[in-house]
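Quick notes on the structure that follows.
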Protein chains: 2
Amino acid sequence: MTPATPLESPLPDRSKPTIRSAKEQLILDAAEKVFAELGFKGATTSEIALRAGIPKANLHYYFPTKEALYRAVTENVLTAWLAAASSFDVNDDPAEALAAYIGAKMDMARTDPLGSKIWASEIMRGAPVIEDFLHTTLATWLASREAIIQSWINKGLIVPMQPRYLIYLIWAATQHYADFDHQITALNGSAPLDDAAFTTAKTQLITTLLRGVLNVAKSDT
Amino acid sequence: MTPATPLESPLPDRSKPTIRSAKEQLILDAAEKVFAELGFKGATTSEIALRAGIPKANLHYYFPTKEALYRAVTENVLTAWLAAASSFDVNDDPAEALAAYIGAKMDMARTDPLGSKIWASEIMRGAPVIEDFLHTTLATWLASREAIIQSWINKGLIVPMQPRYLIYLIWAATQHYADFDHQITALNGSAPLDDAAFTTAKTQLITTLLRGVLNVAKSDT
DNA sequence: GTCTATAATCGGATAGAC
DNA sequence: GTCTATCCGATTATAGAC
């Protein structure tokens, strides 16, 4: 595993939509599942090929090495992550901005739990592939959102706090529904949360966190 | 990996403190690190033996199979988890009980991040080893604490909510500092959080969550 | 109890036929 | 472009000397 080479080509050439793309996508989908379950080292190309329904050698034709395949999967995760991150910016009102961001992250945990698991697994092994991303794009994004939250604090809209620990809280709370979905399912009587239950969890999370950080009118002091 | 056999002997025989215990502990400590980083499948007995400073065959003398070693490590994690879980019960006041529990979980994330990572990794791969624990001990613990929180809601001490999503929020927020410590370190300028910063994170988390769920006096409505 | 040597298997990757 | 056959290193586990 080469360390910290910058990721390239987030959207790899859509000019030829379905010539080799079909099988590549088949492989990427299978790889996403296997990497999410077993991590980079635990995943095997045999297992990925098996789940994709192709011979192992065919997989190595499209993705020469296991690491190249892993990096391709990881790029997709980062792309999705950055899309959700922008939902922070659509509103100047802290309540609406935070609610939108928490909601977007919850929706991502619901629709793409595998991406969240791959992220978690990558971080837990020391982030060799996304290390550069952590120190550049993510650090920049975090700093700018800290500044926004700090401005809300200065205006008295948010209670005084360290903004970054609020961000960590949001990340943790939302990604938990993806990373630990097996545990949540087990504690739900072996049935995954249905849409109604998930909506309840999402609404309650937004309510609790907004109550926790929004400054109410100080008329009663 | 045999599925869902109940875990046995949480405290394996302390009558002979240091005859073979010394090397077993050496192996368990090394195994905890390697399993935390690489997961069950990604970890190798060679790597564990290397870090324990013993020949690989010697490891297999003390722990016949990789799975037996993994189960031993997992038992230690469960034991520690149950110890922290009891901190919920020491107090009848919701603010104090929740603060004590959140604080205990944060302290665990600080002192034993590896255990948290092993838990996360085990859940993400489908929990084959702790599945039984999830459906028995953990489900029972969750139900009893839900009942306690519900009683607080009935007394008007806590705002109306689904108690279990509050528990999930506490689990997620606290374990995040263990499971994602590499990311937090990267975003902290490549330096781990020092004790002061961690205390700030812990205090702020307690403050935010208590504000989010405690019912304030309704004198201003 | 401990370690060297090795068996048996698995996994990543490739050669070369089709 | 696709797949069968295979190489070779890595990995789990054991046999047997000390």
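Every chain is numbered from 1 and lettered A, B, ... according to where its sequence line falls, protein lines coming before strand lines.
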Check for a donor-acceptor pair, side chain of [X] on one end and backbone N or O of [Y] on the other, with a separation under 3.5 Å.
X	Y	result
His182(A)	Gly126(B)	yes
Ser116(B)	Pro113(B)	no
Ser87(B)	Ala84(B)	yes
Thr137(A)	Phe133(A)	no
Thr74(A)	Tyr70(A)	yes

Exercise for review: Report, as a single string ordered 5' to 3', how protein heavy atoms within less than 4.0 Å touch nucleotides 11-18 of chain D: B base, S sugar-phosphate only, - not at all.
Suggested key: SBBB----

Exercise for review: Pull out every residue in residues 29-38 of chain A that has a heavy atom closer than 4.0 Å to any atom of DNA chain D, ordered by number, or say none.
Suggested key: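 Heavy-atom contacts with DNA chain D come from no residue of residues 29-38 of chain A; none.
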
Revision key, fill the gap. Sequence neighbours excluded, the answer for salt bridge (Lys or Arg N to Asp or Glu O under 4.0 Å) partners of Asp181(A) is Lys117(A)

Revision key, fill the gap. Per atom distances to the Asn58(B) side chain, the nearest of dT2(C), dC3(D), dG1(D) is dT2(C)

For atom [atom1] of [X] and atom [atom2] of [N], their distance in whole Å:
X	N	atom1	atom2	value
Glu24(A)	dT2(D)	CD	C1'	15 Å
Leu59(A)	dG1(D)	CG	P	15 Å
Lys23(A)	dG1(D)	NZ	C1'	8 Å
Ile27(B)	dC3(C)	CD1	P	10 Å

Exercise for review: Anything under 30° is parallel, anything over 60° is perpendicular, the rest tilted; go ahead and classify Phe88(A) against Trp152(A).
Suggested key: parallel

Exercise for review: Test Trp141(B) against Trp81(B) for ring-ring contact (aromatic ring centres under 6.0 Å, His included), laying out the working first.
Suggested key: CA-CA 11 Å; Trp141(B) 185 91; Trp81(B) 194 95; 5.5 Å; yes

